[in-house]
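A short worksheet on the structure shown next.
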Amino acid sequence: MVHELSRRDARRIAVRAQLLDADAEPDGLFEVARHLTMLQLDRTTAVAPSAELVAWSRLGDRCSLGDVEHAVDHLELVELNGMARPPEDIALYRADMARWIDKPNQTEWEEDVRDWMAANEACRQDILAMLRSDGPLPAGEFPDTTVVPWRSSGWNNDRNVGMLLDLMVARGDVASAGRDNGVRLWDLASRIYRDDPAVPSDEARVIRDQRRLAALGIARSKAPERGFARTEQRRRRR
């Protein structure tokens, strides 16, 4: 069944779903994060970081500058793929993480990344060993022991450890452990993520889509959410 809406009604639905109408009274930062499902962690501060502005626009004086950053630094909200998320929501991504590196029917870029990670398995193991003994640690503490450099036409060219860490997040090896004076810390994912059972991939995708639609109110059909930026992969040279 097709439902047709006027632009006015569509705007009303979106405003209410986004907790921006006059009657919305969310009970604090964590209710906002849970309802919206994520807060984008963009550290650009023309006025204030994006996540702080989103929270303040829903909570007003009940939200102070730095509340989102404090919640992420203390793992009250968990950072994943540049978004601050409720800790319980990580269970909706863990099944995809577990099968990310060897899932069937991989695209060319996925095979390319898989091969790059396989060539640098020793560096991955070095990072995991350091985190087991000394974590959490900033990226600058990890020596670059890659044997095949990351090749890109963009700013990530030769950013070997950083790209490896991003891919280790995608496969559920490591996770952001907050920040220390603005510097991101890394630790074993098993120390950061809650030990909730992983929701099967197909079921998790449906739940994520339903919750995002509820948070947006109305949305155009689009490609599935991706765990790693494909635009960077397309720029990668063999």
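One is the number of the first residue; the rest follow in order along the sequence.
Cluster partners of I218, by chain and number: L5, I13. The rule joins Ile, Leu, Val, Met, Phe, Trp and Tyr whenever side-chain heavy atoms lie under 4.5 Å apart. If you chain together ILVMFWY residues whose side-chain heavy atoms come under 4.5 Å of each other, L213 ends up in a group of its own.
Between the side chain of Q40 and the main chain of M83, no donor-acceptor pair closer than 3.5 Å is present. Between the side chain of S133 and the backbone N or O of A129, at least one donor-acceptor pair lies under 3.5 Å. The backbone N or O of T107 sits less than 3.5 Å from a side-chain atom of E110, completing a donor-acceptor pair. Side-chain N or O atoms of N120 include one that pairs as donor or acceptor with a backbone N or O of V148 at under 3.5 Å.
Here the side chains of R171 and R99 are not in contact, with every heavy-atom distance at 4.5 Å or above. Side-chain contact between W150 and L164: absent, with no pair of heavy atoms (C-beta onward) separated by less than 4.5 Å. Looking only at side-chain heavy atoms (C-beta outward), L131 and F142 come within less than 4.5 Å of each other. Contact annotation: the side chain of R211 never approaches that of H35 to less than 4.5 Å [non-hydrogen atoms, C-beta and beyond]. Using a 4.5 Å heavy-atom threshold, the side chains of N81 and D166 count as separate. Contact annotation: the side chain of L80 approaches that of M97 to within less than 4.5 Å [non-hydrogen atoms, C-beta and beyond]. The shortest side-chain heavy-atom distance between L137 and L185 does not fall under the 4.5 Å cut-off.
When all heavy atoms are compared, the tightest approach of A84 to V72 is CB-CG2, 3.8 Å. Taking each heavy atom of S176 and I192 in turn, the nearest pair found is O-CG2, 3.6 Å. The two residues A204 and V199 have their closest heavy-atom pair at N-CG1, 3.7 Å. Taking every heavy atom of both residues into account, P149 and N160 meet most closely at CA-OD1, 3.3 Å. For the pair P197 and A91, the tightest heavy-atom approach, listed with the atom from each and the gap, is O-CB, 3.6 Å. Counting all heavy atoms, side chain and backbone alike, P143 lies closest to C123 at O-SG, 4.2 Å.
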What pairs of donor and acceptor atoms, side-chain ones from residues 14-30 against any protein atom, are under 3.5 angstrom apart with sequence neighbours left out?
| from | atom 1 | to | atom 2 | distance (Å) |
| --- | --- | --- | --- | --- |
| Q18 | OE1 | R58 | NH2 | 2.9 |
| Q18 | NE2 | A215 | O | 2.7 |
| D21 | OD2 | D23 | N | 3.4 |

Walk me through it: do E88 and R34 pass the test salt bridge (charged side-chain N to carboxylate O under 4.0 Å, His left out)? CA-CA 9 Å; E88 63 269 22; R34 289 185 176 101; 2.7 Å; yes
Test R124 against D173 for side chain to side chain contact (heavy atoms under 4.5 Å, CB included), laying out the working first. CA-CA 9 Å; R124 172 176 168 267; D173 289 334; 2.7 Å; yes
Could you go through the side chain to side chain contact (heavy atoms under 4.5 Å, CB included) check for R205 and D96 one step at a time? CA-CA 9 Å; R205 191 170 296 109; D96 285 346; 3.7 Å; yes
One pair to check against side chain to side chain contact (heavy atoms under 4.5 Å, CB included): E69 and R179. What are the steps and the verdict? CA-CA 9 Å; E69 181 178 0; R179 296 177 186 266; 5.6 Å; no
Go through the steps to decide whether R212 and D209 satisfy the test salt bridge (charged side-chain N to carboxylate O under 4.0 Å, His left out), and finish with yes or no. CA-CA 5 Å; R212 282 300 294 159; D209 288 347; over 6 Å; no
Set out, in order, the CA-CA distance, both residues' side-chain angles and the distance that settles salt bridge (charged side-chain N to carboxylate O under 4.0 Å, His left out) for R85 and D89, then state yes or no. CA-CA 7 Å; R85 306 174 191 269; D89 283 7; over 6 Å; no
Give the C-alpha distance, both sets of side-chain angles, the deciding distance and a yes or no for salt bridge (charged side-chain N to carboxylate O under 4.0 Å, His left out) between D196 and R94. CA-CA 9 Å; D196 298 329; R94 295 185 71 173; over 6 Å; no
Between V147 and E121, is a side chain to side chain contact (heavy atoms under 4.5 Å, CB included) present by the stated rule, with each step listed? CA-CA 9 Å; V147 295; E121 176 63 15; over 6 Å; no
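Criterion: ILVMFWY side-chain heavy atoms under 4.5 Å apart, direct or through other members. Under it, V113 and V174 are part of a common hydrophobic cluster. In the hydrophobic cluster analysis, where Ile, Leu, Val, Met, Phe, Trp and Tyr join through side-chain heavy atoms closer than 4.5 angstrom, W186 is grouped together with L128. When the side chains of ILVMFWY residues are joined at heavy-atom separations under 4.5 Å, either directly or via intervening members, I127 and L188 end up in a single hydrophobic cluster. There is no path of hydrophobic side-chain contacts, each under 4.5 Å, that joins V54 to W56. Cluster membership check: M130 shares its hydrophobic cluster with V161, using side-chain heavy-atom separations under 4.5 Å among Ile, Leu, Val, Met, Phe, Trp and Tyr.
Summarising the geometry, atom NE2 belonging to H70 is positioned 11.0 Å from atom CG belonging to L77; distances are rounded to the nearest 0.5 Å. The distance from atom CH2 of W100 to atom CE of M168, rounded to the nearest 0.5 Å, is 11.5 Å. Taking CG of D9 as the start and CD of E4 as the end, the distance is 12.0 Å to the nearest 0.5 Å. With rounding to the nearest 0.5 angstrom, the OG atom of S190 is 7.5 Å from the CG atom of D187. The CZ atom of R151 lies 11.0 Å from the CH2 atom of W116; values are rounded to the nearest 0.5 Å.
A cation-pi contact links R208 to Y93, judged by a cut-off of 6.0 Å to the six-membered ring centre and 45° from its axis.
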